Protein chains: 2
Amino acid sequence: MGADGATMDERVPRDFETLRATILDRRASLPKRIAQIAAYALDNPDDIAFGTAASIAASAGVQPSTLIRFAQQLGFDGFTSLQQVFRERLRERNSSYDERLAALRAKAEEGAGHRAIFDGFVAAASTSLSDISRALNDAHFEEAIALLAKAETIYVLAKRRSYPVASYIAYALGKLKIRNQLVESAAGLNAEMIGFATPRDAVIAISFSPYAPATIEETRAIAEQGVPIVAITDSSFSPLAQFAKIWFEVSEADFGGFRSISATMALAMALTVAVGEKRRETGRRRKG
Amino acid sequence: MGADGATMDERVPRDFETLRATILDRRASLPKRIAQIAAYALDNPDDIAFGTAASIAASAGVQPSTLIRFAQQLGFDGFTSLQQVFRERLRERNSSYDERLAALRAKAEEGAGHRAIFDGFVAAASTSLSDISRALNDAHFEEAIALLAKAETIYVLAKRRSYPVASYIAYALGKLKIRNQLVESAAGLNAEMIGFATPRDAVIAISFSPYAPATIEETRAIAEQGVPIVAITDSSFSPLAQFAKIWFEVSEADFGGFRSISATMALAMALTVAVGEKRRETGRRRKG
DNA sequence: GCCAATATGAAATATTAATTCCAATCTATA
DNA sequence: TATAGATTGGAATTAATATTTCATATTGGC
């Protein structure tokens, strides 16, 4: 007794991912019609989940018996048990995006342990992304890219909660070989740093309520020097908005008093990469 | 002829929402057992989609015939056609989120202007969040929280692309009044900084391929001093994994060569806030 | 409290779908 | 090219599942 015996179903794939891997693995060695139904199964998993052996076989252009042979070759004892795997998959990802989010948030708000905290942050991030995806103004986005693309140096200005975004922008700009200056508060030399900026440069300033006084002050100073500013902030009443040539309103969902920054991050990354893209285009045009 | 006649199925709900509304509407006037199966259907739509008349009836505590009567009362000609609505719902729901993402990504990959870049980053971030939500191991998460909660000082270690995450963790830990030390490379004093760490402290180390050599080296050094390490990285082959007591594998989707960091951010935020929570609990217990 | 109308339970029946079987066809090898 | 072995198609068989039926119970109006 033990490992061998009547059952023999020790290595039958129980979840969709394993099944998928198994199929892809054996793909090359499968006979023609079996391969055909295998391909169909991976391409139309929903049909397998809902159809009958006959209907699926017809759609895939094979006989029902082939479908059963396929299942058996994978170690299942028939089509029905293969189908279970496809149904289970649908169950697991069953709910719609919004329902899933609502469930996450509900679970999080019930406060069921530490997992709930994680779920809460995932939900907040997802919500924020979905919001910004809807709200982003294409025209503003294009203007901001154009403005930043022709800057000699891009100054990046953010403190506290927004600082991670700024440091990411600086990192990405560096990788794209775009001259930039992260205005950090460490050495207290910000005023001098800002002093070097000219109207041929540009600024990305990021601040959310409660707005860090230093960010506001520095933005004001640099705006007075005539340096154009792109602001990422959270409302039209934001003090940044008045100094900015272009500003984006990003509303981030919060959880447990900590606001998400994923929407801001996505916007920042897109802005950065788009500026890189634009510069390459312009460079080519100049050359050609 | 026209509206009346033999068929009479003009107002049969064809989609789930209409069906749901119809059921809720008639709820009060339904006989006991029918009401019972109606409630069950709205609470467990997945079971209706996949079960057999017999299995569903058993779960809901009624006879199969009652289930059929329920369907007929709603205007369907049997259980099978009622079931179609529940199956259709799963099909649509499922596709909506994934299709939306796929559409975003497709648009992004076609490269239709700058908006496409933005869509690409939003899609990458959403995918990453959804992946980590599925993949996160609760047990590891709890262990990590426990480990970090009892640390005297939490050292945060990350360079380059991961640095924004580290700076966010440091900011959040600070707000939660948890002693922490961000190991930055600026002044070149990292070795000395690390030298102060003891086994009563703990480390959060973050690094993704290509792993910044400095992060690896510093993690190794601090591990050799017996300081327990929680790592966030991208594979079990990561050099960080070997030094870590607990490590999380986070797979981030990428767009245009820039990987998302939203999943890592969500995990980092959750970890931080959960540690704060845990400390407060423990503090209370000690007092009370 | 009685009667008619309605609702319910349980088993019989009809329908549909999965599986098996066998003959026909293809494929690789000597 | 002959032949064994594998693969496939299609119909027959078996299993499962939905539906119907009918006896029994319950409810609401008088």
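The chains referred to below are lettered A, B, ... by the order of the sequence lines, with proteins before strands, and numbering in each begins at 1. Note: hydrogens, waters and symmetry copies are ignored here, and every other heavy atom, side chains too, is used. Computed from a predicted structure; not experimentally measured.
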Participant: Regarding A/D15 and A/R89, does a basic nitrogen lie under 4.0 Å from an acidic carboxylate oxygen?
Facilitator: no
Participant: Could you check how far CZ of B/F76 sits from P of D/dT19, rounded to whole Å?
Facilitator: 12 Å
Participant: Within the 4.0 Å heavy-atom criterion, would you say B/Q83 contacts the bases, only the backbone, or no part of the nucleic acid?
Facilitator: nothing
Participant: For B/L67 and D/dA18, what is the distance between atoms CG and P respectively, to the nearest whole Å?
Facilitator: 8 Å
Participant: OP1, OP2 of C/dT20 versus side-chain N and O of A/Q72: anything below 4.0 Å?
Facilitator: yes
Participant: Between the side-chain atoms of B/S65 and the base atoms of C/dA10, is any donor-acceptor pair under 3.5 Å?
Facilitator: yes
Participant: For the pair B/F50 and A/F50, name the ring-plane relationship: parallel under 30°, tilted 30 to 60°, perpendicular over 60°.
Facilitator: parallel
Participant: Under 4.0 Å: is that the gap between some side-chain N or O of B/Q63 and OP1 or OP2 of C/dA10?
Facilitator: yes
Participant: To the nearest angstrom, how far is A/Q73 atom CD from D/dA6 atom P?
Facilitator: 12 Å
Participant: I need the NZ-P distance between A/K32 and C/dT25, as an integer number of Å.
Facilitator: 14 Å
Participant: From CZ of A/R69 over to P of D/dA6, roughly how many Å is that when rounded to an integer?
Facilitator: 14 Å
Participant: With a 4.5 Å heavy-atom cut-off, do B/Q72 and B/D77 have their side chains touching?
Facilitator: no
Participant: Whether A/D46 and B/R91 form a salt bridge (side-chain N of Lys/Arg under 4.0 Å from carboxylate O of Asp/Glu) is what I want to check.
Facilitator: no
Participant: Take B/G51 and A/P64, find for each the nucleotide of DNA chain D with the closest heavy atom, and name the residue whose nucleotide sits nearer the 5' end.
Facilitator: A/P64
Participant: Report yes if at least one side-chain N or O of B/T80 is closer than 4.0 Å to OP1 or OP2 of C/dT16; otherwise report no.
Facilitator: no
Participant: Given D/dT19, D/dT20, D/dT8, which nucleotide is nearest the side-chain atoms of A/P31?
Facilitator: D/dT8
Participant: With a non-hydrogen cut-off below 4.0 angstrom, is A/I34 in contact with a base, only sugar-phosphate, or nothing?
Facilitator: sugar-phosphate
Participant: Would you mind reading off the distance between B/F70 atom CZ and D/dA18 atom P, rounded to a whole angstrom?
Facilitator: 15 Å
Participant: Going by atom types alone, do A/S130 and A/R134 pair a side-chain donor with an acceptor below 3.5 Å?
Facilitator: yes
Participant: Between D/dA18, D/dG9, C/dT20, which nucleotide has the shortest distance from any of its atoms to the side chain of B/F79?
Facilitator: D/dA18
Participant: What integer distance in Å separates B/D77:CG from C/dT15:C1'?
Facilitator: 14 Å
Participant: How close or far is atom P of C/dT19 from atom CD1 of A/I68, stated in whole angstroms?
Facilitator: 5 Å
Participant: Less than 4.0 angstrom between a side-chain N/O of B/Q36 and OP1 or OP2 of C/dT8, yes or no?
Facilitator: no
